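Have a look at the structure below, then the notes.
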Protein chains: 2
Amino acid sequence: MLTHDQIWQAIDRLATTFGYSPSGLAKQAGLDPTSFNKSKRIGPDGKPRWPSTESVSRVLSATGANMSDFVSMVEDIDVQQRHSTTLIPVIGFAQAGTHGFFDEQGYPQGGSWDEVQFPEVSTSEKNNIYALKINGDSMEPLYRQGDVLVVSPNSKIRKADRIVLKTTNGEVMVKELVRQNATHIEIKSLNPDHENRKISMNDVAWTARVLWVSQ
Amino acid sequence: MLTHDQIWQAIDRLATTFGYSPSGLAKQAGLDPTSFNKSKRIGPDGKPRWPSTESVSRVLSATGANMSDFVSMVEDIDVQQRHSTTLIPVIGFAQAGTHGFFDEQGYPQGGSWDEVQFPEVSTSEKNNIYALKINGDSMEPLYRQGDVLVVSPNSKIRKADRIVLKTTNGEVMVKELVRQNATHIEIKSLNPDHENRKISMNDVAWTARVLWVSQ
DNA sequence: GATATTTTATGATTTTTTTCCTATTTACTT
DNA sequence: AAGTAAATAGGAAAAAAATCATAAAATATC
């Protein structure tokens, strides 16, 4: 749905966001400065006037905004939140064996599928994630040569999370968080042969959470 | 950014998605059925013709779609044209311990970082991926309760890939591909205690590749 | 406080979009 | 294969959006 009010509100908010007045934005976009006047939003006989998509396009070019930004102005939703998230069908693995969830080719079938966001990365995480590429076999079987870990440095880490930890003396490791309190952090090696390790928080430079792993 | 091509392709895709032809969609939206004709998208003198936002609004009402849906059509085109999604910084894990790659808070620092796409999913895969949520602990330590596997049914599978396999008698399993030829497929259990299994291709309903795992 | 600049308002004109009309092609049904 | 409906093409007319021209109000500058 897209209402007349919404589209003009979006233009107004876009102008404000980028530090323009409505007429200033129009000018910047190469349009007539009066195009966005309040008096031009309703026709002489009271009929609502809708801008052309070309005007919208020019306004976006002028501000450097994209359509998602524009829509966030329309729908009043945080810009960052709806950036490149995709909903994909999901079911529990236990259900996958039961009849009716897949077609002949292995594609999802029927209406019983749920939906999840992929990638499921929150607003705050979105701008700061990075990736680590695994070399060697020291972290097998969990991580193998060539796997890519997507890591978020400002995520809160919780028990059982896979984390990247850097100590103050420069050691970087990927571990599983066992427990954490104000003074110490206890971590488990991904390789089950090794024993748990307890590190003083004073010796921890930073931690980050592993969000996704490519296979 | 919003280009002339994008807006018309978005209208086309919206029509297709909701089972209309371009003219059928126009009719449904209360517009003239010829409004979206290819011949109406460029003016007599070769100038591009941009639809009004009112037309866009009416099309959305007719389909029940919202602006986000419309934009996803726009940006999908964007993806196809630019072949890039979200680039995030990446380095090899071995380098992570050396000096100069991170700031105090654990954020990437310096110019030596590479870049990778996240999620690294091709255009063709993008529309067909789905997710499986792990219940129980039968696949530990690799997959744990609550983990989400992102799966692509039309990916070519290669040696060492983690795959989802369904047999003709309905069994669904996640395994590692050991080798595959015209007649047989050999798979390794994620749990190292189990022995490899060799299945006749006649007994394989379909296979899919595991692309990503949330942690 | 006077002056310049920006912003907004309003009507006439130009340009563009939409509709209307008819012809042709394509797809579907019997 | 014939008949019908839907989809597309292209031009002319109608409707609407964008521009132009001018003026008043608000804001900024000196």
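Basis for what follows: all heavy atoms, side chains included, without hydrogens, waters or symmetry-related copies. Since the structure is predicted, the reported quantities are computational estimates derived from the model, not experimental observations. To find a chain, count down the sequence lines: A is the first, B the second, and so on, and within it residues start at 1.
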Whole angstrom value for the distance that separates [atom2] of [N] from [atom1] of [X]:
X	N	atom1	atom2	answer
B:K27	D:dA5	NZ	P	11 Å
A:W8	C:dT8	CH2	P	12 Å
A:D32	C:dA12	CG	C1'	13 Å
A:F36	C:dT10	CZ	P	18 Å
A:R41	D:dA18	CZ	P	12 Å
B:I42	D:dT8	CD1	C1'	15 Å
B:L31	D:dA7	CG	C1'	16 Å
A:R49	C:dT15	CZ	P	17 Å

Residue [X], side-chain atoms from C-beta onward, closest of [options]:
X	options	value
A:S52	D:dA16, C:dT18, D:dA18	D:dA18
B:K38	D:dA9, C:dT10, D:dA18	D:dA9
A:S23	C:dT16, C:dT7, D:dA7	C:dT7
B:S35	D:dT8, C:dT19, D:dA9	C:dT19

Ion pair check, A:R144 and B:E176, cut-off under 4.0 Å: yes
Lys/Arg-Asp/Glu bridge criterion (N-O < 4.0 Å) met for A:D12, A:R41: yes
What does [X] touch in the nucleic acid at a heavy-atom separation under 4.0 angstrom: a base, only the sugar-phosphate, or nothing?
X	value
B:K40	base
A:S39	base
B:S55	sugar-phosphate

Exam field: side chain B:W8 to backbone B:F36, donor-acceptor pair closer than 3.5 Å: no
Donor-acceptor pair, side chain of B:S57 and main chain of B:T53, under 3.5 angstrom: no
A:T167 OG1 to A:I185 CD1 distance, which is reported to the nearest 0.5 Å: 11.5 Å
N/O (side chain, B:T34) to phosphate O (OP1/OP2, D:dT8) under 4.0 Å: no
5′-ward residue of the pair B:P22/B:E54 relative to DNA chain D: B:P22
N/O donor-acceptor pair, side chain B:N37 with base D:dA9, under 3.5 angstrom: yes
